[in-house]
Amino acid sequence: EALCQRDKRAKSVLGTQGDWTWWMVPWTAAGATVAVALGLLSCIYVATLHENDLWFSNIKEVEREISFRTECGLYYSYYKQMLRAPSIQEGLLQLIQDNVTESKRTINILQRMNIYQEVFLSILYRLLPVQEYLEPIYFYIYTVFALQAVYVIALYITSWLLSDSWLAGALAAVWYIINRVDTTRVEFTISLRENWSLPFFALQVASITYYLRPQLKPLPQKVALWLTFLSTLWFCLTWQFNQFILLIQALVVFALDCLDFIEPRKVTLLYLVQVCSLLLVWLLQFCNTMILGSLALSFIISVLFVKHFQTKLKTGGLMVRMGKLCVHVLLVLVMTFTINYLTKKVLQLSSDEHIYKFIKAKLGLGLTRDFDAKLYLCEEAFGLLPLDTFERLTTTLVLYPYLCALAILLVVLVAISLVHLSGAQSEGVEHRIHMRPDVAYNLLHTVLFGLLALSTMRMKYLWTGHMCMFAAYGVCGRELWGICLGALRCNTQTKVQIITCSGVTCVMIYPLCSEFWPKIKEEVSELREFYDPDTVELMTWISSKTPSTAVFAGSMQLLAGIKLCTGRALTNHPHYEDRALRERTQQVYQIYARRAPEDVHRALRAAGADYVILEDSICYERRHGRGCRLRDLLDVANGHIMDGPGENDPDLIPAPHPRFCTEIKMDNPAYSRLFTRVFRNKTFHVYKLKKGKKTGKKVNP
């Protein structure tokens, strides 16, 4: 009852929705038109940048495929494989029983990787009458670019819902577009899973925002809940990191439930939507045990269990309730980690242990020599968010209103939380300041995902889009201006409406468009061309000079391109979510370590390799500093002293052998009796392994 009364007050004080009048129909239609227009603008913008950067329409097919770098090429190869299959059924069977992605192993690609989007798109391309005038690769990239339009429209709708003005949505979309460098990287990483999943994630946030609006009638509630379920399902199905994102969302809902911002029934239904989505993805991915061992699932089960038995949690005074709340949180956390630990023990899960090793090392909880953890730590994408990000966000005027809105609403949230915990709302005491549950949800959402982005740069794309939306709400939201004008003793509905709907929004949008539109036009007018002759030469040689059954070993990034361009089998690849694959990758990478040629040959034959490719850019790497070069990571993992001047751990010893990748190029007889050079250009060296007894024995570094 207290929640219902507070929702009514929130509707009247903070989020006046009003009754529909005749002029609202054209006004809403205008808002919808602007949303679609801005969505299409963002789609055309990134598509033009992609075309102009590569001259994509004019380069050869092999060059187009090479432009799908690293894991992007691996994912796109399954789309190409499905289209080349004699039938849809045959294509699905090849994915379920794949023996090309990992040599000497048969794996289920649909279980291991999140590639249902490639499967769905390939089937759609077969069924639609578009083959005559649209090439498969264009059908693929245009679909990804179209999802960017969906992403922008979802942010537009969310800001509109929060502020009750589509001008806020327009401002959010404009900010998203002009901050493209920090809001998306789709134009050069088309196939990355995040480019498929984030549009559905934005739709899910918009659905939850609508679902949490005060005084929503039963039918719209059901529609919003179904939209939340469908968008959550597609989000989970298209990205392997879904469990960590859902865990953060579950923490937001948990906090708002503990602080009495959301009705208990809605909280339970949101939890059930997440659980059902994860379980359905588990089934679609052929019972992928990694999902059952996710912290998100363990946390939600623990919350529902503890909540069911701790019935008197929300009774008593402030100190009593805070004490109960602490016990409640402690019980949930203990039960979460217990369930997660037991689940992993029973199912013998180790697929995601590298992620927890990385998190442990990143938090500074002890030094590590673990190869996988240091491989992540040394990548810039997994480092802290660079400071120049904030400089760019300041230049586009998005950071200041965002921080102002964040600071004011956090103070309001804390004040209202204390009121709720004191039990004053149950006594019918009226308070001047309130906060709608949808606003509270988006507030905590942006805080937690902001912390995630600050800690890991790659995750900033989960935050910056929502930042644009939240900053636009801060500029156009009546709540904030009502609070500010109330503090000045001049708060009236007319003044708030004038400021939010005409003054501030137009003052913000006009200078943004006038200043950045010329820059956008200049950017899309710059013409470049794809140029990578060494890689093109390598792919052409492999396709024409090696057997179709040949198996290649090398770096993960290069091998993904080899599978896409040539269809040859691989020893390893960039999808790192499997323990056996990680161990094999470390063994293959001994080609860049100080190892005896016999040991390297034995490791490569154990992986089933016929050819090994050495890259000068890795062997003589300068991109990373000392300690983060791949050869340094291997030396430390093998217990050897690193190259170059600098400190080494005292227990490291000099390596008994020279570095393999440098010594093999000198035609040393000890190497030439095991390897034959068959191809060389300025970048790559390909060696064929001479016949020897294959063994499954692992090499002990």
Side-chain angles (χ1 to χ4, degrees), residues 43 46-84 91 95 98 100-101 109 112-122 124-125 134-148 184-198 238-240 379 381 458 461 528-543 552 554-570 572-576 613 615 617 683-684:
C43 170
V46 293
T48 305
L49 289 175
H50 176 260
E51 168 63 27
N52 291 355
D53 191 50
L54 301 173
W55 202 4
F56 200 74
S57 60
N58 197 60
I59 58 179
K60 296 183 292 187
E61 186 68 17
V62 64
E63 293 175 315
R64 290 176 178 176
E65 292 179 346
I66 292 172
S67 70
F68 288 87
R69 301 289 186 179
T70 64
E71 61 188 289
C72 297
L74 181 67
Y75 297 134
Y76 181 76
S77 71
Y78 298 117
Y79 170 74
K80 179 180 176 181
Q81 181 178 326
M82 280 289 295
L83 290 177
R84 289 192 170 186
L95 293 178
D98 180 277
V100 176
T101 304
I109 299 296
R112 179 79 72 80
M113 305 181 193
N114 299 72
I115 63 159
Y116 268 99
Q117 51 268 51
E118 278 75 20
V119 173
F120 175 75
L121 214 58
S122 65
L124 203 60
Y125 184 78
L134 193 62
E135 298 175 54
I137 195 167
Y138 277 105
F139 186 71
Y140 186 92
I141 65 174
Y142 286 165
T143 301
V144 178
F145 292 149
L147 284 175
Q148 282 299 298
T184 182
R185 51 179 176 167
V186 66
E187 73 276 8
F188 61 91
T189 58
I190 294 174
S191 301
L192 274 190
R193 303 299 82 180
E194 67 191 47
N195 295 328
W196 287 93
S197 62
L198 290 186
T238 52
W239 199 13
Q240 68 268 28
E379 283 298 321
R458 183 176 177 178
Y461 302 103
R528 299 183 181 90
E529 184 179 356
F530 176 88
Y531 184 76
D532 191 354
D534 290 342
T535 306
V536 172
E537 185 184 7
L538 174 66
M539 298 303 175
T540 304
W541 178 85
I542 292 174
S543 298
F552 282 81
S555 69
M556 296 182 289
Q557 297 83 354
L558 179 62
L559 291 184
I562 288 175
K563 183 182 184 306
L564 170 59
C565 298
T566 70
R568 300 303 190 263
L570 316 176
N572 52 301
H573 54 81
H575 194 274
Y576 222 47
I613 304 176
E615 300 171 61
S617 59
T683 305
F684 305 105

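The CD atom of Gln240 lies 4.5 Å from the NE2 atom of His575; values are rounded to the nearest 0.5 Å. From Ser191, atom OG reaches atom CG of Leu564 across 8.5 Å, with rounding to the nearest 0.5 Å. To the nearest 0.5 Å, atom OG1 of residue Thr535 and atom CD1 of residue Ile66 are 5.5 Å apart. Within the model, atoms OH of Tyr75 and CD of Glu118 stand 8.5 Å from one another, a figure rounded to the nearest 0.5 Å. Distance check: Leu121 CG to Ile115 CD1 gives 12.0 Å after rounding to the nearest 0.5 Å. Between the CD atom in Glu71 and the CE atom in Met113 there is a gap of 10.0 Å [rounded to 0.5 Å].
Scanning both residues, Trp239 and Ser197, for their nearest heavy atoms gives CE3-OG, 3.3 Å. Here the shortest heavy-atom pairing between Asn195 and Leu147 reads O-CD1, 4.3 Å. Summarising the geometry of Arg193 relative to Asn114, their closest heavy-atom pair is NH1-O, 2.7 Å, with the distance given to 0.1 Å. When all heavy atoms are compared, the tightest approach of Gly554 to Asn572 is O-ND2, 3.3 Å. The two residues Pro136 and Leu83 come nearest to each other via the heavy atoms CB-CD1, 3.4 Å. Considering all non-hydrogen atoms of both residues, Thr238 and Gln117 come closest at O-NE2, 3.3 Å.
A ring-ring contact (aromatic ring centres under 6.0 Å, His included) with Tyr125 is found for exactly one of Tyr138, Phe139, Tyr142, Phe120, namely Phe139. Considering Val186, Ile190, Val144 in turn, Val144 is the only one that fulfils the side chain to side chain contact (heavy atoms under 4.5 Å, CB included) rule with Trp196.
Annotation: side chain of Arg458 is in contact with side chain of Glu194 (closest heavy-atom distance under 4.5 Å). Residues Val100 and Gln81 fail the side-chain proximity criterion, which asks for heavy atoms closer than 4.5 Å.
Residues that satisfy the ring-ring contact (aromatic ring centres under 6.0 Å, His included) test with Tyr76, not counting sequence neighbours, are Phe68, Tyr79, Tyr140. Every residue two or more places apart in sequence or in another chain that forms a side-chain hydrogen bond (donor to acceptor under 3.5 Å, both in side chains) with Tyr576 is listed here: Asp372. Scanning for salt bridge (Lys or Arg N to Asp or Glu O under 4.0 Å) contacts around Lys80 gives Glu65, with sequence neighbours left out. Residues satisfying the salt bridge (Lys or Arg N to Asp or Glu O under 4.0 Å) criterion with Arg64, sequence neighbours excluded, are Glu61, Glu135. Checked against side-chain hydrogen bond (donor to acceptor under 3.5 Å, both in side chains), Ser555 has the following partners two or more places apart in sequence or in another chain: Glu615. Under the side chain to side chain contact (heavy atoms under 4.5 Å, CB included) criterion, Thr566 pairs with Met539, Ile542, Ser543, Ile562, Arg568, sequence neighbours left out. Not counting sequence neighbours, the partners of Asp532 by the salt bridge (Lys or Arg N to Asp or Glu O under 4.0 Å) test are Arg69. The side-chain hydrogen bond (donor to acceptor under 3.5 Å, both in side chains) check on Thr683 picks up Asp534, with sequence neighbours excluded. Take Glu529 and apply the salt bridge (Lys or Arg N to Asp or Glu O under 4.0 Å) test, not counting sequence neighbours, and it matches no residue. Checked against ring-ring contact (aromatic ring centres under 6.0 Å, His included), Trp541 has the following partners two or more places apart in sequence or in another chain: Phe679.
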Using atom types as modelled, flag every donor-acceptor pair under 3.5 Å from a side chain in residues 46-53 to any protein atom, sequence neighbours excluded.
unit_1, atom_1, unit_2, atom_2, d
Thr48, OG1, Ile44, O, 2.7
Glu51, OE1, Phe56, N, 3.4
Glu51, OE1, Ser57, N, 3.1
Glu51, OE2, Ser57, N, 3.4
Glu51, OE2, Ser57, OG, 2.8
Asn52, ND2, Val524, O, 2.3
Asp53, OD1, Arg528, NH1, 3.4

Ser122 vs Tyr78, side chain to side chain donor-acceptor pair (under 3.5 Å): CA-CA, chis, key distance, verdict = CA-CA 9 Å; Ser122 65; Tyr78 298 117; over 6 Å; no
Yes or no on side-chain contact (heavy atoms from CB on, under 4.5 Å) for Val536 and Lys60, after CA distance, side-chain angles and deciding distance?
-> CA-CA 10 Å; Val536 172; Lys60 296 183 292 187; 4.3 Å; yes
Under the side-chain contact (heavy atoms from CB on, under 4.5 Å) criterion, do Arg112 and Asp98 qualify, and how do the steps go?
-> CA-CA 11 Å; Arg112 179 79 72 80; Asp98 180 277; over 6 Å; no
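Pairs of residues two or more places apart, or lying in two chains, never qualify as salt bridge (charged side-chain N to carboxylate O under 4.0 Å, His left out) while including a residue from residues 557-567.
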